[in-house]
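What follows is a short report on a single structure.
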Amino acid sequence: MAGAEQKDILNDLRDSIIEMDFGKASAAARSALAAGMDPAVIIDEGLGKGMERISDEFNEGKIFLPQILAASMAMEAALQEITPVLEKNAGKLKGVIVMGSVQGDIHEIGKSVCCAMLRGAGYKVIDLGADVSPDKFIDAARENHADIIGASALMTTTLVAQKDIIRHIKEENESFKTAVGGAPCSQEWCDEIGADGYSASASDIVALVDRMLGVKRN
Ligand code: B12
């Protein structure tokens with residue numbers, strides 16, 4: 001594909017989120033896939049750039065919650081197009097991961113992006129959605145023989161729920177590894193609460209999980 005064509009598609013993907021247009025987001029995702037673009041590039045360099053702009057505008061007080069919600073619906077619409085392709089391309093199953101947004105936290109766009117990337121890389125992902133209690137994480141991990149529990153927290157007030165999950169795992173003598181993430185999370189926080197891994201973005205999460213499970217990368 002010509003560089004100019006790829007750039008146009010990436011701009012459409014980004015703009016569909018900024019314009020909060022879920023029809024445009026689905027169509028741009030379909031065009032990108034039809035043009036043979038890598039799903040990771042579609043998410044990272046297209047849709048993700050749009051969400052970054054939306055987050056900045058929200059932080060600057062230029063837009064408000066209803067617009068954020070509309071932009072997140074556009075993101076979800078695009079992810080719905082991309083996820084089946086990611087799953088189809090995935091090779092041998094590399095491991096099982098239970099993912100969710102922690103108790104009290106309804107933010108789930110970043111978590112959904114991480115799920116899509118992991119599925120694309122050959123992991124079975126059980127997505128528990130948002131506002132997930134520590135017990136629910138652990139029950140799902142047991143039921144699915146998971147290797148890793150991944151917990152997303154987007155608010156300083158809900159970060160502590162990641163610590164609760166690790167405490168519950170220890171109390172119940174389970175051995176699931178834990179990965180933590182979300183905007184207010186950091187490597188320091190990960191070390192402090194005794195989680196096994198942290199990554200700042202969905203583009204690093206596959207490398208993180210591969211490393212945590214000792215999976216050799218091509
Ligand atoms: C979108 C959004 C919403 C949407 C969420 C829609 C949805 N379906 O998810 C809606 C409108 C519902 C919403 C609601 C609220 N929000 Co809000 N929201 C945001 C916003 C603008 C963007 C978040 C986002 O989607 N980013 C894009 C994604 C792609 O990035 P990400 O989530 O960081 O994820 C990446 C990485 O962190 C990482 N990652 C994420 N999870 C994981 C997990 C693992 C295991 C790993 C390894 C990596 C990883 O990979 C991801 C992809 O690269 C942020 C602002 C911001 N700057 O973050 C505020 C923000 C998070 N919200 C905030 C607040 C306060 C709220 C509300 C309380 C508002 C209110 N007054 O009602 C409610 C929350 C209610 C609740 N109980 O949860 C505050 C939190 C402040 C704080 N205390 O820390 C923020 C920071 C805005 C602000 N500046 O005040 N929000």
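Order of appearance sets the numbers: ligands from 1, and atoms from 1 within every ligand.
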Can [X] and [Y] be counted as an ion pair, charged N to O under 4.0 angstrom?
X	Y	value
R142	E172	yes
D164	R167	yes
D139	K136	no
D210	K94	yes

Scan the protein's non-hydrogen atoms and note whether one is under 4.0 Å from [atom].
atom	answer
atom 75 (C) of ligand 1	yes
atom 79 (C) of ligand 1	no
atom 85 (C) of ligand 1	no
atom 44 (C) of ligand 1	yes

T157, any N or O under 3.5 Å of ligand 1 N or O: no

Any N or O of S201 closer than 3.5 Å to N or O of ligand 1: no

Atom 31 (P) of ligand 1: the protein heavy-atom neighbour that sits closest, reported with distance to 0.1 Å: G110 CA, 4.0 Å

Min side-chain heavy-atom separation D127-V98 under 4.5 Å: no

Close side-chain approach of L93 and Y123, heavy atoms under 4.5 Å: no

Out of [options], whose heavy atom sits nearest [atom]?
atom	options	result
atom 89 (N) of ligand 1	N59, V113, V209	N59
atom 7 (C) of ligand 1	E108, K111, E57	E108
atom 12 (C) of ligand 1	V180, L69, I148, I97	L69
atom 22 (C) of ligand 1	S55, G50, S101	S55
atom 48 (C) of ligand 1	C185, S152, S199, A71	S199

Ligand 1 contacted by G182 (non-hydrogen, < 4.0 Å): yes

Close approach of A200 to ligand 1, heavy atoms, under 4.0 angstrom: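 So A200 counts as touching ligand 1.
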
Reported CD1-to-NZ distance for the pair I97 and K124, which is rounded to 0.5 angstrom: 12.0 Å

Approximate separation, where rounding is to 0.5 Å, of D191 CG and I193 CD1: 9.5 Å

Close-contact set for ligand 1 against [X] heavy atoms, below 4.0 Å:
X	answer
D105	78 (O)
I106	9 (O), 12 (C), 75 (C), 76 (C), 78 (O)
T156	82 (C), 83 (N), 84 (O)
A179	45 (C)

M75 with M37, same ILVMFWY side-chain cluster at under 4.5 Å: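 Shared cluster, yes.
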
Member of I82, D38, L13 meeting the side-chain contact (heavy atoms from CB on, under 4.5 Å) criterion with I43: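 So the option named by the test is I82.
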
Residue and atom names of protein N/O/S atoms that fall under 2.8 Å from atom 17 (Co) of ligand 1: H107 NE2

Other residues, nucleotides, ligands: >12 heavy atoms within 6.0 Å of M155 CE: yes

Exceeds 12 heavy-atom contacts within 6.0 angstrom, atom CZ of F22: no

Part of S72 with heavy atoms under 4.0 Å of ligand 1, whether side chain, backbone, both or neither: side chain

